[in-house]
Amino acid sequence: MTIGLIIGLILACFGAAALFIGFLCISRRKTESMNFGSLELTAFASAVWSLGFAVLFASTDTNVAYWGRAVGMVGTCTFLFFAHRTLLQVTRIPRWQKSISKVLAFFWIPVFFITTSPHAAVYTYTPEGMRYVFTPGISNTIYSVYCVIYGINVAVSVVLANKYADCRREKKTAVQFVVVLIVIFSGMVLDTIFPTMGLEAIPGSTLTQFAGLWVLYKAMWDKNKSEITLGNMTEYVYSVISEPLLVFNQDGGLVLFNRAAKEYFQKDRDKELSAEDRLQDMFDVPEDFFDYDGMYRAAECKTVTGKAFVSLDVSRIKDKFNDAIGFLVFVKDMTELNNAMESLRQAKAEADSANSAKSNFLANMSHEIRTPLNAILGFSELLLNEDSLGKNREEVEDIRDSSNTLLTIVNDILDISKIESGRMELVEEDVRFRDFFKNIGLMASLLAQKKGLSFGVDIDANIPSAVRADSSKLRGVFVNIINNSIKYTREGSVKFSAKLLNIENNVANLEFVVEDTGIGMKPEAMEKLFTPFYRMDTKRNSNIEGTGLGLSIVKGYVDLMKGTVDVESEYNKGSRFTIRIPFVIVNDEKLGIVDFKHKEETKEKSKTQVSLAGLKILAVDDNRVNLKVISKCLEKYKASLVLKESGAEALKACAAEQFDVVLMDQMMPEMDGVEAMKHIRSMNAFYEAGGRSRFVCLTANAISGAKEALLEEGFDAYVSKPINFSKLVGLLSEYLKAKGV
Ligand code: ADP
């Protein structure tokens with residue numbers, strides 16, 4: 001093998017390597033969207049350069065050698081042109097230098113033709129292989145001078161690249177180029193300068209140019225890696241993301257994890273993550289955790305140590321053929337949030353129990369207050385019925401009125417606490433509007449009359465005659481608002497009106513308006529109108545009794561009824577409250593004209609005529625004073641009344657005798673009213689449910705739903721304490737009528 005052939009083979013290898021770099025750039029450009037500028041062309045030029053000269057040195061024919069060099073020189077010229085261009089692309093060389101480089105580059109074309117002319121070199125085949133020398137003369141001198149000038153220009157470019165480099169990457173590229181330039185130019189001495197001096201050409205630069213190509217490739221690679229692209233950022237985001245990120249294969253084995261995951265599990269398990277770990281070694285999840293449909297799933301679980309609570313966001317990873325290849329799991333630590341939720345839950349449970357303790361306390365207190373109030377009110381009513389009262393009548397009336405006020409306050413406080421705790425419920429029944437409006441109208445006109453105000457009522461005759469409603473709460477709404485209007489009006493009038501707005505699907509939308517010519521309210525104060533215990537203008541209203549609870553209760557009630565309350569008011573002129581409530585119609589017959597006088601007369605008449613003679617009543621209460629009040633009140637109605645102070649005594653009495661009505665106190669020591677009633681009911685057919693005897697519960701329990709619960713337990717009726725005796729007498733006379741006496 002000749003030396004020429006060996007050189008030819010080496011050059012062919014470099015040519016093949018250059019071709020490989022060229023195709024590598026093309027494929028990276030496509031698959032990774034990398035930008036290599038003019039590097040591919042530089043690489044192909046390098047390949048042509050190496051392969052052309054490989055042919056020259058490996059050939060045995062001088063003619064082939066000539067063409068080999070000619071082709072190789074095409075590569076040389078284009079390589080120098082594109083390599084310089086690539087250098088300009090990866091560095092910050094100033095514009096003027098770029099312009100000089102462009103002009104110089106064009107001279108490669110004439111230089112090429114000069115240096116490849118047939119007489120420019122002489123080729124000789126020797127036993128060591130093909131050799132060639134330049135023919136001395138102008139053409140080769142031009143070539144050599146041009147190469148030196150071009151080399152100097154490239155050297156200047158490199159120096160400038162170094163000078164203007166503004167990051168470490170560019171500086172590194174520039175330094176590498178300095179080294180490469182020295183290597184390439186040393187090579188050029190052998191194949192460009194020596195031959196002009198009549199010496200044999202050795203392909204130095206042809207070999208060293210590959211180093212230049214490699215440095216350019218590295219520089220372009222670094223440049224691409226420094227660019228913000230999706231490919232680069234994916235890797236970056238993966239490493240810097242502060243939440244643990246895990247990648248599992250299809251079998252649940254851990255494949256990749258980021259730094260955050262490493263630190264997280266080091267802390268949680270005291271053991272580093274490794275490729276042997278499986279999903280179940282980290283989290284308390286079932287074996288089939290990854291068996292799910294679709295791309296994503298989310299789950300909350302504990303880590304395997306039970307120390308942390310995490311939420312997992314799992315995504316299925318698919319390859320470009322759409323085959324599932326693994327799972328990406330984002331881990332979010334929820335321990336703190338979970339602990340906070342737990343303490344919130346605890347705090348809520350504590351608050352709930354405190355609230356129910358408060359409600360129980362209020363229920364008990366109201367019971368305790370109502371029991372003595374029952375006696376005070378009962379006895380004051382009794383005294384007021386005595387003609388002999390004389391000059392003390394006024395004081396007794398004050399006692400009765402103050403007791404009534406106290407009763408209202410107790411009721412209001414209880415109501416507002418129920419509304420605030422969301423435990424207030426509607427107890428709906430069929431309400432006949434005729435009686436309902438009459439009742440309100442009479443109450444209001446009496447109050448207004450007392451204060452010297454005129455009271456007007458205007459009820460739309462088209463309103464349906466009966467609807468479903470909680471009559472006591474509905475009454476509460478109007479009584480509160482009308483009372484306020486009368487309270488806060490010194491002179492003038494108060495007016496109550498009711499109007500049918502429309503009927504839709506058996507629901508009647510009604511509008512009620514209460515208007516007064518009273519003291520009015522300032523707009524800024526009205527914002528807090530429905531806040532419990534808020535009383536506006538306290539200086540001006542100091543002589544008007546009130547707790548600031550009335551309108552809050554009204555709002556609570558109306559909200560429950562799915563209605564609205566609107567207020568318009570003008571300071572010192574008057575106020576107007578508009579309430580709109582939807583009602584389910586029970587009887588769509590029109591209400592017609594309501595006569596407000598009629599009921600008062602019948603009431604007066606009934607009061608004087610009632611007699612309960614023939615009715616056998618048993619009254620049971622552990623409080624002797626209460627029994628005394630009952631007996632005193634019922635005495636004049638001529639009923640036969642037996643009094644007992646405990647459930648046990650009541651049982652004995654009922655076993656011995658048959659009572660038409662049993663008035664039973666609810667709360668009694670040892671055996672309470674419900675238990676006693678149940679025992680008596682079970683005695684015989686006379687007392688059993690649906691039998692002839694009636695059980696009326698006397699209750700001071702005003703908690704919502706308590707009264708309804710008593711009826712469910714088996715009572716026929718209940719009467720609230722303090723006892724409204726006219727109501728009780730009305731009820732008893734109905735029982736008497738039913739008995740047919
Ligand atoms: P109060 O027991 O003080 O009457 P309310 O909740 O019923 O409590 O009313 C709250 C405040 O709204 C009252 O203190 C009063 O200042 C004002 N207010 C309510 N109704 C009227 C009205 N018709 N005219 C003027 N002011 C009113």
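Each ligand, and each atom within it, is numbered from 1 in the order the structure gives.
- Counting the atoms of ligand 1 from 1 in the order shown, those under 4.0 Å from a heavy atom of L529 are 12 (O).
- For S485, heavy-atom contacts with ligand 1 shorter than 4.0 Å involve the backbone as well as the side chain.
- Remark: distances from the non-hydrogen atoms of F530 to ligand 1 are all 4.0 Å or more.
- A donor-acceptor pair is defined here as one N or O able to donate and one able to accept, closer than 3.5 Å; such a pair exists between the side chain of Y687 and the backbone of F659.
- Aromatic rings from F433 and F583 are positioned such that their centres are separated by under 6.0 Å.
- Under a 4.0 Å heavy-atom criterion, G518 is not in contact with ligand 1.
- Each of the following atoms of ligand 1 lies closer than 4.0 Å to a heavy atom of K487: 1 (P), 2 (O), 4 (O).
- Atom NZ of K451 sits in a crowded spot, with more than 12 heavy atoms from other residues, nucleotides or ligands closer than 6.0 Å.
- For ligand 1 and F577, the ligand atoms under 4.0 Å from any heavy atom of the residue are 20 (N), 23 (N).
- For ligand 1, the atoms lying closer than 4.0 Å to a non-hydrogen atom of S575 are 22 (C), 24 (N), 25 (C).
- Under a 3.5 Å cut-off, the side chain of S569 and the backbone N or O of M521 do form a donor-acceptor pair.
- A 6.0 Å sphere centred on CD1 of I593 holds no more than 12 heavy atoms belonging to other residues, nucleotides or ligands.
- Considering backbone and side-chain atoms together, L551 places an N or O closer than 3.5 Å to an N or O of ligand 1.
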Verdict with reasoning, V642 to I617, per side chain to side chain contact (heavy atoms under 4.5 Å, CB included): CA-CA 6 Å; V642 174; I617 302 170; over 6 Å; no
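- Remark: the D401 side chain and the S403 side chain contain no N/O donor-acceptor pair separated by less than 3.5 Å.
- Among the atoms of S552, none of the N or O lies under 3.5 angstrom from an N or O of ligand 1.
- Near L549, meaning under 4.0 Å from one of its heavy atoms, ligand 1 places the atoms 6 (O), 8 (O).
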